[in-house]
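See below for the structure under consideration.
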Amino acid sequence: MSLNKKAAFELRKAIYWTIAMVVLTIFIFGAFFTLGIYQNKLTLTPTKLRSELIGLRFANTPECFAWEENGIVTHGTIDLNKFTKDTMNQCYSTEEKKGFKTFNFRLRLESSGQELMTNNYFDDGKDDYTIFKEILLAKEGKLSKDRLIIYVQEKI
Amino acid sequence: MNKKGMINLMVLFEVLAVLSISYIVIEKATALGDSTEVLEEIAAEDIRMMLDTLVGVPGDALVEYPVNVSAFNFILRNNVIYVFEPGDAEPLWTFRTFYPPEGYTAEGVVEEEEKLCLEKKSKKILLRKCP
């Protein structure tokens with residue numbers, strides 16, 4: 001009788017240790033996985049901020065669409081004559097093979113509906129978010145109020 | 001030892017194991033916050049955003065990175081910013097790519113300087129020690 005009790009206790013001990021080892025292993029993996037996520041969060045930069053900073057160039061630099069007259073650049077403007085695919089490629093262009101892994105943009109002028117896309121923008125109607133910029137549109141030497149809508153794709 | 005004592009010991013072991021692992025994880029997490037890898041990643045990302053901002057600003061500009069970066073070296077070449085500790089092999093360098101408009105060049109080296117500056121002159125961006 002006492003031998004059966006002892007055997008039963010040893011069996012319970014073995015089961016306990018098996019369960020304890022499994023639970024501890026899961027706990028250790030979980031802890032280090034959480035640590036990995038924490039490390040990523042420490043270095044995380046808001047992607048909207050990054051895309052806003054890239055988007056500054058569209059209406060502020062003459063190499064993009066900003067209106068320039070007599071060597072003076074007026075920032076916050078879009079020159080309609082410059083709003084072309086060639087200028088877009090000069091302004092912002094990413095690598096052909098990996099460019100889809102970074103920001104890509106579709107620009108739209110609200111008044112005319114004209115659109116331009118960056119070279120790796122995937123035109124499937126799915127954008128991550130939209131940025132709106134109040135701008136002045138330069139058309140035939142005249143400035144008028146308009147809005148530049150920037151559709152952003154972060155990564156495909 | 002009797003059965004009850006054995007059971008108490010097993011529970012105690014489990015609790016001690018969990019507490020030890022928790023302590024190690026918390027210590028590691030605290031150390032991560034000050035680790036050089038994390039600081040390198042943050043510096044590289046910050047400089048990339050500064051480069052994008054400089055490109056988006058018309059005219060010439062000079063901007064200082066307001067952090068003591070004397071622990072690191074920086075290289076800006078071929079539109080990539082590299083950040084690394086002195087003596088690190090190239091595969092260990094942290095890097096970030098940025099995409100300036102056509103015609104822009106970006107270059108410069110800063111080694112173990114306290115202050116780092118980015119200067120834009122026309123279409124040239126220079127990474128250098130602050131004046």
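Below, read A as the first sequence line, B as the second, and so on, with proteins coming before strands; counting in each chain starts at 1. Everything numeric here is computed off the predicted structure, so don't read it as measured data.
For A:Leu44, no part sits under 4.5 Å from any heavy atom of chain B, backbone or side chain. Neither the backbone nor the side chain of B:Phe98 comes within less than 4.5 Å of any heavy atom in chain A.
With hydrophobic clusters built from ILVMFWY side chains whose heavy atoms lie under 4.5 angstrom apart, B:Ile81 does not share a cluster with B:Phe84. Taken together through direct or relayed side-chain contacts under 4.5 Å among Ile, Leu, Val, Met, Phe, Trp and Tyr, B:Ile75 and B:Leu126 form parts of separate hydrophobic clusters. No continuous path of ILVMFWY side-chain contacts below 4.5 Å connects B:Val55 to A:Phe65, so the two sit in separate hydrophobic clusters. Under the 4.5 Å side-chain heavy-atom criterion for Ile, Leu, Val, Met, Phe, Trp and Tyr, A:Phe27 and A:Ile19 are members of distinct hydrophobic clusters. No continuous path of hydrophobic side-chain contacts links B:Val69 to B:Trp93 [ILVMFWY only; heavy atoms under 4.5 Å].
With a 4.5 Å cut-off on side-chain heavy atoms, A:Ile54 and B:Tyr99 do not count as touching. At least one side-chain heavy atom of A:Leu24 sits under 4.5 Å from a side-chain heavy atom of B:Ile21. In this structure the side chain of B:Lys28 never reaches within 4.5 angstrom of the side chain of A:Tyr38, judged on heavy atoms. Counting heavy atoms from C-beta outward, A:Leu49 and B:Met49 have side chains that approach closer than 4.5 Å. The side-chain heavy atoms of B:Val57 and A:His75, taken from C-beta on, include no pair separated by under 4.5 Å.
Atom NZ of A:Lys139 sits in a sparse spot, with 12 or fewer heavy atoms from other residues, nucleotides or ligands closer than 6.0 Å. Atom CG of A:Asn40 has more than 12 heavy atoms from other residues, nucleotides or ligands within 6.0 Å. Under a cut-off of 6.0 angstrom, the local environment of OH in A:Tyr129 is crowded, with over 12 non-hydrogen atoms contributed by other residues, nucleotides or ligands. Residue-environment remark: CZ (A:Phe33) stays at or below the threshold of 12 foreign heavy atoms within 6.0 Å.
Judged as a salt bridge (Lys or Arg N to Asp or Glu O under 4.0 Å), and not counting sequence neighbours, the contacts of B:Lys124 are B:Glu107. Here A:Arg108 pairs with A:Glu115 under the side chain to side chain donor-acceptor pair (under 3.5 Å) rule; sequence neighbours left out.
Interface summary for chain B: among A:Phe32, A:Phe58, A:Trp17, the most heavy-atom pairs under 4.5 angstrom belong to A:Trp17. Heavy-atom pairs under 4.5 Å with chain B were tallied for A:Leu35, A:Leu56, A:Val23; the largest tally goes to A:Leu35. Across B:Gly103, B:Gly59, B:Gly56, B:Ser22, the residue that shares the most heavy-atom pairs under 4.5 angstrom with chain A is B:Gly56. With respect to chain B, the highest number of heavy-atom pairs below 4.5 Å among A:Thr43, A:Ile28, A:Thr34 belongs to A:Thr43.
A side-chain contact (heavy atoms from CB on, under 4.5 Å) with A:Leu42 is found for exactly one of B:Ile42, B:Val38, B:Leu39, namely B:Val38. Checked against A:Thr45 for a side-chain contact (heavy atoms from CB on, under 4.5 Å), the options B:Glu45, B:Arg48, B:Glu41 give a single hit: B:Glu45.
Residues of residues 81-95 of chain A lying under 4.5 angstrom from chain B, judged on non-hydrogen atoms, are A:Gln90, A:Cys91, A:Tyr92, A:Ser93, A:Thr94, A:Glu95 by number.
Note that CZ of A:Arg57 and CG of B:Leu54 are 11.0 Å apart. Values are rounded to the nearest 0.5 Å. Here the CD atom belonging to A:Glu52 is positioned 11.0 Å from the OG1 atom belonging to B:Thr53, to the nearest 0.5 angstrom.
The two residues A:Glu63 and B:Glu102 come nearest to each other via the heavy atoms CG-O, 4.4 Å.
Connectivity analysis of hydrophobic side chains (ILVMFWY, heavy atoms under 4.5 Å, direct or indirect) links A:Val73 to nothing; its cluster partners are none.
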